[in-house]
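For reference, the structure is listed below as C-alpha cells.
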Amino acid sequence: MTVIAPGGHIGILGDGQLGRMMAIAAAEMGYFVHVFGPEENSPAAQVSHRSTVAAYGDKAALETFAKSVDVVTLEFENIPTDTLEFLNALVPVRPNAKVLEITQDRLYEKSFINNLGIGTATFANVESIDELVAAIKQIKLPAILKTRRLGYDGKGQVKITGSSDLDDVWKEMKDAPSILEGFVNFKMEISVIVARSTQGEIACYCPVENRHKNHILDITLAPADIPKRLVDKAIEVAGKIAAKIDLVGMIAVEMFVTKDNQILVNELAPRPHNSGHWTIEGCATSQFKQIIRAVCGLPLGQPERHSNAVMTNLIGDDVESWGALLEDPENSLHLYGKAEAREGRKMGHVTKLFPLNQKPKA
Ligand code: AMP
C-alpha cells in the first residue's frame, strides 16, 4: 500500500470546519492540502494550499483535482459515491465508496451493524403510508421516522406518538424512503472515534458523552462517566465496525447507553467528528492528525488522552461570546472563519482541560 510521505498532496472533499481542522493538522505534518467543495472562501479553503470551488458532480473539476493530489479523503459523508468511484480510478480514495454507500443510508447502515451481531434500535423500512402503518404495528410507539438518506442534526426526523396524525407525518417526509425506529429510552449518548490504517491497525479514542440542544451537539465530556465494562464494550463495537467495513481513515460511532446498560449503535460518520474536537488539546494525537496518518499510510499515533476535557460548541450567536471566553486563560477557542452566524450554524468551539483524576464539568 502506497505511503504518502510528508511533502505530498492530500485532497479533501468537503470544505467545512472538519476540513479546516484536517488541513491545519496536515500542514503541521508537512503536507499540502487541496480542498474541493461548493463554497467560495470556505472554512477549509481559508487554510489550505489550494482550493477548487465546484459541484461534487463536476467531472472536469474532479479530474484536475485528482491529478493534483496523492490521495483523496473526505470530511462530509454525503459525497455522491459516483464521485468517489470516478476519483478512485485516478488516485487512492480513503475511505472507499463502499463505506459511504453503507453510511449514507440508514437502512443499509443499521442492517450492516445488526449483521455484525451489534445492537441498534429496532427498525423497519417505510416507503409508503401503508408501510408506515404496518411498521408501527411491528415497532410500537413511540417511534422516530427518519429519512434514510441526507438527515443530520435531527433534520428529516419526526417523532411519532399515539396522538400523531399519520397522514400528516407521512406528508412531512415528502415520500422520501425512510425507516421507522423504536424510541430508545437512553440514559446517555456516547460516541467512539476510531481510526484504521492501511495496514489494518486500529486506534480508538475513549468513549465520550454527548449532550445535544435542539438536536445539535452542545457539549462533549471526555471521558464518558460509564462503567469499565461499557467502556470496553463501546471500544470493541467501534473497532469491529471499522474492521468489518474495511475502513481506511476514521469513523465515529454514535451510540446510546440504555437504562439497562446496553449499548446500541445509532449512527456512523466515516470522518472526524464534532465529538472528537477535544482531542486537539486532550490527546497526544488529535483526531485530525490521526486521519491524516491513516489516509497517508503512516503508522497511527497514540490516541490515549493525557487530560480529561469538556468541549462546548458555539452555535449561531454563541460566537459573539468569544471575548468573554478568552477572559478564561484555560479556554482553547477555535473559530471556523464563517462570516455569517446563522441560527443552528456551527461557528466554533471551546475546549477546557481537566486533570485525569477530575471529572470534566460542563
Ligand atoms: P440522528 O440523526 O440519528 O443522530 O438523531 C439525532 C438525535 O435524535 C440523537 O442524537 C438522539 O438524541 C435522538 N434520537 C435519534 N434516534 C433515536 C431513537 N431511536 N430513540 C431515541 N432518540 C433518538
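Everything quoted here is computed from the prediction, not taken from an experiment. Just the heavy atoms: all of them, side chains too, but no hydrogens, waters or symmetry mates, feed the values below. Counting starts at 1 for both ligands and their atoms, following the listed order. Along the sequence shown, residues are numbered consecutively beginning with 1.
Asn266 places no side-chain N or O within 3.5 Å of a backbone atom of Glu254 that could act as its donor or acceptor partner. Between the side chain of Gln157 and the backbone N or O of Ile144, no donor-acceptor pair lies under 3.5 Å.
Ionic pairing of Arg148 and Glu127 is present here: one or more N-O contacts between side-chain nitrogen and carboxylate oxygen are shorter than 4.0 angstrom. Glu236 and Lys240 are not joined by a salt bridge, as no carboxylate oxygen comes within less than 4.0 angstrom of a charged side-chain nitrogen.
If you number the atoms of ligand 1 from 1 as listed, the ones under 4.0 Å from a heavy atom of Glu254 come out as 4 (O). Atoms of ligand 1 found under 4.0 Å from any heavy atom of Phe183, numbered from 1 in the order shown, are 20 (N), 21 (C), 22 (N).
Counting heavy atoms only, Glu181 comes closest to atom 19 (N) of ligand 1 of the residues Glu181, Lys159, His215, His212.
Taking the side chain as every heavy atom from C-beta outward, Tyr336 and His349 approach each other to under 4.5 Å.
How far NZ of Lys146 is from OG of Ser178: 11.5 Å, rounded to the nearest 0.5 Å.
The residue Asn210 has no part lying near ligand 1, judged by heavy-atom distances below 4.0 Å.
At under 3.5 Å, not a single nitrogen or oxygen of Phe186, backbone or side chain, sits near a nitrogen or oxygen of ligand 1. Not one N or O of Ile144 is nearer than 3.5 Å to an N or O of ligand 1, by distance alone.
Using a non-hydrogen distance threshold of 4.0 Å, Gly156 does not register as a contact of ligand 1.
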